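Computed from a predicted structure; not experimentally measured. These values consider heavy atoms only, across backbone and side chains, with no hydrogens, waters or symmetry-generated copies.
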Amino acid sequence: MHIVITGASRGIGQALRAQYLDQGHAVTGTSRSGGDGLLALDVTDPAGHARLAETLGDRPVDLLICNAGIYVDKGQSLDAGYPAALWADTFATNVTGVFLTVQALLPHLSRAASPKIAIISSQMGSDTTAPGGSYIYRASKAAALNLGRNLATDLRPRGMAVGIYHPGWVQTDMGGAAADITVEQSASGLADRFAALSLDTTGCFETWDGRAHPF
Ligand SMILES: NC(=O)c1ccc[n+]([C@@H]2O[C@H](COP(=O)([O-])OP(=O)(O)OC[C@H]3O[C@@H](n4cnc5c(N)ncnc54)[C@H](OP(=O)(O)O)[C@@H]3O)[C@@H](O)[C@H]2O)c1
């Protein structure tokens, strides 16, 4: 398989890349600055997506993993925090970034036999639990979930399956050292979920360990 992973420089994306390379797959990983075998892609930048699409030429993409994300409103105050700039940056990365990556790589996905798109959202994007706080991140991950659900509808007739995932609470720069699971555990569980994704399950919202997540 040829797998494209955004945000592959650190954390979950890096672990997914390492795991797929170990298994002998071809992986195109990206990060903002590139280097270390990664292509440079700021997912907020449409021109960057155009360059990525051009670099991939007519190569098919079997699996696109939209993993790049930021969580910059931890601990903000409801009364005085959550400035507009944080909303803009977060939505540009976590929502627009996902859409732009999918859109740019549709031609490459369409060349694969059974193309799949995995969107890394979060349990914090679910409307079912609403513990308060982190308004910007929660709203962005809810939007990513909604985006994935609607892409699943539009892309089903094209033979493309779309899954949306909660990767667990993971020990990364974002998740922190006290998180529940390692990047290896998360990546291994997610890869199993991506392998199970099909047109029969397109539009699913699942946890890294295979449970259906409430929307
Ligand atoms: N960790 C958790 O507990 C947890 C829980 C639920 C969901 N998630 C989601 O899982 C995904 C990965 O999280 P993580 O914990 O691995 O995060 P992380 O360790 O902070 O890594 C984030 C990755 O995203 C990339 N990135 C950020 N902004 C970008 C941009 N504008 N353009 C391109 N790449 C960008 C970073 O690249 P640079 O190195 O270039 O900055 C990095 O590779 C995110 O979508 C996150 O919201 C994580």
- Would you tell me whether Asp154 and Asn150 have side-chain atoms, one donor and one acceptor, within less than 3.5 Å of each other? no
- Applying salt bridge (charged side-chain N to carboxylate O under 4.0 Å, His left out), which residue pairs with at least one partner in residues 171-184 are found, sequence neighbours left out? Arg10-Asp173
- Item | For Ala92, all residues meeting side-chain contact (heavy atoms from CB on, under 4.5 Å), sequence neighbours excluded | Thr44
- Task: Scan residues 38-49 for pairs that pass salt bridge (charged side-chain N to carboxylate O under 4.0 Å, His left out), counting only residues two or more places apart or in two chains.
- Result: Asp45-Arg51
- Query: Which ILVMFWY residues are connected to Ile3, directly or by a chain of links, through side-chain heavy atoms under 4.5 Å apart?
  - Reply: Met1, Ile5, Ile12, Leu16, Tyr20, Leu21, Val27, Leu63, Ile65, Ile120, Tyr165, Val170, Ile181, Val183, Leu190, Phe194, Leu197, Trp208
- Item | salt bridge (charged side-chain N to carboxylate O under 4.0 Å, His left out): pairs with one or both residues in residues 56-81, sequence neighbours excluded | none
- Message: I'd like to check the side-chain contact (heavy atoms from CB on, under 4.5 Å) partners of Ala139; sequence neighbours left out, ordered by chain and number.
- Response: Trp87, Phe91
Name each donor-acceptor pair under 3.5 Å that joins a side chain in residues 131-138 to protein atoms two or more places apart or in another chain, with its distance.
residue	atom	partner	partner atom	Å
Ser134	OG	Tyr71	OH	2.5
Arg138	NE	Gly132	O	3.4
Arg138	NE	Gly133	O	2.8
Arg138	NH2	Gly132	O	3.1

- Message: Filter on side-chain hydrogen bond (donor to acceptor under 3.5 Å, both in side chains), then keep only pairs touching residues 21-41, sequence neighbours left out; what's left?
- Response: His2-Thr28
- Query: Roughly how far apart are Asn146 CG and Ser121 OG, rounded to 0.5 Å?
  - Reply: 10.5 Å
- Task: Any pair with a residue in residues 196-209 that passes salt bridge (charged side-chain N to carboxylate O under 4.0 Å, His left out), sequence neighbours left out, goes on the list, sorted by first then second residue, please.
- Result: Arg193-Glu206, Asp209-Arg211
- Of all pairs that satisfy side-chain hydrogen bond (donor to acceptor under 3.5 Å, both in side chains), the ones with a partner from residues 98-118, not counting sequence neighbours: His49-Thr101
- Task: Check side-chain contact (heavy atoms from CB on, under 4.5 Å) between Ala179 and all other residues, then give those that pass, not counting sequence neighbours.
- Result: Trp169, Gln171
- Tell me, please, which residues at least two apart from His213 pass ring pair (Phe, Tyr, Trp, His ring centres under 6.0 Å). Phe205
